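Bear in mind the structure is a predicted one, so any value in this text is a computation, not a measurement. Below, chain A is the first sequence line, B the second, and so on; all start at residue 1.
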Number of protein chains: 2
Amino acid sequence: MSKQGEQMRSNVLRVLRQRDAPMSAYDLLRELQSDAPRLAPTTIYRALEKLVERGSVHRLESLNAFMACRCEGPVDMSVLAICDDCGAVEENLATSVHEQLSNIASQSGFEPGRRVVEIHGRCASCTVDEVHS
Amino acid sequence: MSKQGEQMRSNVLRVLRQRDAPMSAYDLLRELQSDAPRLAPTTIYRALEKLVERGSVHRLESLNAFMACRCEGPVDMSVLAICDDCGAVEENLATSVHEQLSNIASQSGFEPGRRVVEIHGRCASCTVDEVHS
DNA sequence: GGCGTTTCTGTTATGTTATAACGTTACAGT
DNA sequence: ACTGTAACGTTATAACATAACAGAAACGCC
Ligand SMILES: [Zn+2]
Ligand SMILES: [Zn+2]
Ligand SMILES: [Zn+2]
Ligand SMILES: [Zn+2]
């Protein structure tokens, strides 16, 4: 059955990679239910959990959504820039921001773990569109 | 009726200030329903929206929860360090991290807006407890 | 191969967070 | 008082996430 599990993870990842924008777990569910009508949320969440663990997928905390990773560097050093107009997300590798963040938290004896670094705004192409309208 | 609205916001803020840890909107709902049994989620969310807008309350995106602000400086320049053991949240003013974050996003023409900077881990006192156990 | 143990999976049900929709109320300007 | 508008309360429902459990697969041992 680990064969099936791997199959599910690969299906989820494939669907995520087909998009440029983040998808919610339930978006994925609806998409995959066309092949497997009885598919349940739990199954999606389990696949997503593994994929996030292994660094193939980002979880966007401020959107409750997921997207395939397209980073060059380590997945846990990225800054996710989310366009509030079109929903597109840009990934930037930003090791120094993450290091600084850990350092600041450490100063009070806090033991740093998972970092969440996201920024909302408007992407370049949407900004141009705004000028034209 | 703006009197009622302000009253509600002040009630929500009061309850949040009584705690050291974040509360979900539904935590607040349950708390306030002892006085007003018919109180609905929407009302809480509207109050929270205003309070976040005016900088009295932080929204913790990675927890889907809220807490009263106890920052010294500007509310939108803080780093929130969340202890995964005890739930306590430390606020650190970290202007430089936020500036760097905006700069990185700007490099690709992204127009920066709201930033989300949170870090999970273990607070000093929970780290000590761990050693003792 | 047979058997117990462990881990993973599918399924059902439920819990939690958030918003849509719509009628009502307050209030300012006339 | 009349009207426009912004805020509000209320109901219902959508969206996100996990608990609980039973059954299947994988593994190690004999
Ligand atoms: Zn990435
Ligand atoms: Zn855009
Ligand atoms: Zn604060
Ligand atoms: Zn702690």
Discussion item. Between R9(B) and E6(B), does the salt bridge (charged side-chain N to carboxylate O under 4.0 Å, His left out) criterion hold? Intermediate values first, please.
Written reply: CA-CA 5 Å; R9(B) 292 190 277 277; E6(B) 199 53 55; 3.1 Å; yes

Practice prompt. Would you please test L28(B) and L48(B) for side-chain contact (heavy atoms from CB on, under 4.5 Å) and show each step?
Written response: CA-CA 10 Å; L28(B) 283 160; L48(B) 285 169; 3.9 Å; yes

Discussion item. Strictly by side-chain hydrogen bond (donor to acceptor under 3.5 Å, both in side chains), give each pair with a member in residues 65-84 of chain A just once, sequence neighbours left out.
Written reply: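 Every pair satisfying side-chain hydrogen bond (donor to acceptor under 3.5 Å, both in side chains) with a residue in residues 65-84 of chain A: D84(A)-H120(A).
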
Worksheet item: Applying side-chain hydrogen bond (donor to acceptor under 3.5 Å, both in side chains), which residue pairs with at least one partner in residues 31-49 of chain B are found, sequence neighbours left out?
Response: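 Output for this query lists R19(B)-E31(B).
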
Discussion item. Using five base pairs at each end to define the local axes, how bent is the helix from dG1(C)-dC30(D) to dT30(C)-dA1(D), to the nearest 10°?
Written reply: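 Axis-to-axis angle, ends of the helix: 30°.
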
Distance, rounded to the nearest Å, where [X] contributes [atom1] and [N] contributes [atom2]:
X      : N       : atom1 : atom2 : answer
M8(A)  : dA24(D) : CE    : P     : 18 Å
R9(A)  : dC8(C)  : CZ    : C1'   : 9 Å
Q7(B)  : dC8(D)  : CD    : P     : 12 Å
Q33(A) : dA15(D) : CD    : P     : 13 Å
E6(A)  : dG10(C) : CD    : P     : 12 Å

Discussion item. Tell me the closest heavy-atom pair linking S102(B) and S106(B), and the distance in Å.
Written reply: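 It is O-OG, 2.7 Å.
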
Discussion item. If I compare all heavy atoms of D85(B) with all of C126(B), which pair ends up nearest, and what's the gap?
Written reply: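 Answer, listing the atom of D85(B) first, then C126(B): CB-SG, 3.7 Å.
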
Worksheet item: Nearest 0.5 Å, what's the SG-NE2 distance between C71(B) and H58(B)?
Response: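 Going from the SG atom of C71(B) to the NE2 atom of H58(B) covers 3.5 Å.
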
Worksheet item: Between Q107(A) and N103(A), is a side-chain hydrogen bond (donor to acceptor under 3.5 Å, both in side chains) present by the stated rule, with each step listed?
Response: CA-CA 6 Å; Q107(A) 279 167 19; N103(A) 288 341; over 6 Å; no

Worksheet item: What parts of residues 15-31 of chain A reach DNA chain D, counting only heavy atoms under 4.0 Å away?
Response: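 Contacting residues: S24(A), Y26(A).
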
Discussion item. Near DNA chain D, counting only heavy atoms under 4.0 Å, which residues of residues 38-64 of chain B show up?
Written reply: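 Of all residues in residues 38-64 of chain B, the ones placing a heavy atom under 4.0 Å from DNA chain D are R38(B), A40(B), T42(B), T43(B), R46(B).
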
Worksheet item: Transitively linked via ILVMFWY side-chain contacts under 4.5 Å: V52(B) with Y26(B)?
Response: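 Yes, V52(B) connects to Y26(B) through the hydrophobic network.
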
Practice prompt. Give a yes or no on whether the backbone of E61(B) and the side-chain of E118(B) come within a donor-acceptor separation of less than 3.5 Å.
Written response: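 A pair under 3.5 Å: yes.
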
Practice prompt. Just jot down the salt bridge (charged side-chain N to carboxylate O under 4.0 Å, His left out) partners of R17(B), sequence neighbours excluded, or say none.
Written response: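 Scan of R17(B) (salt bridge (charged side-chain N to carboxylate O under 4.0 Å, His left out), adjacent residues dropped) gives none.
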
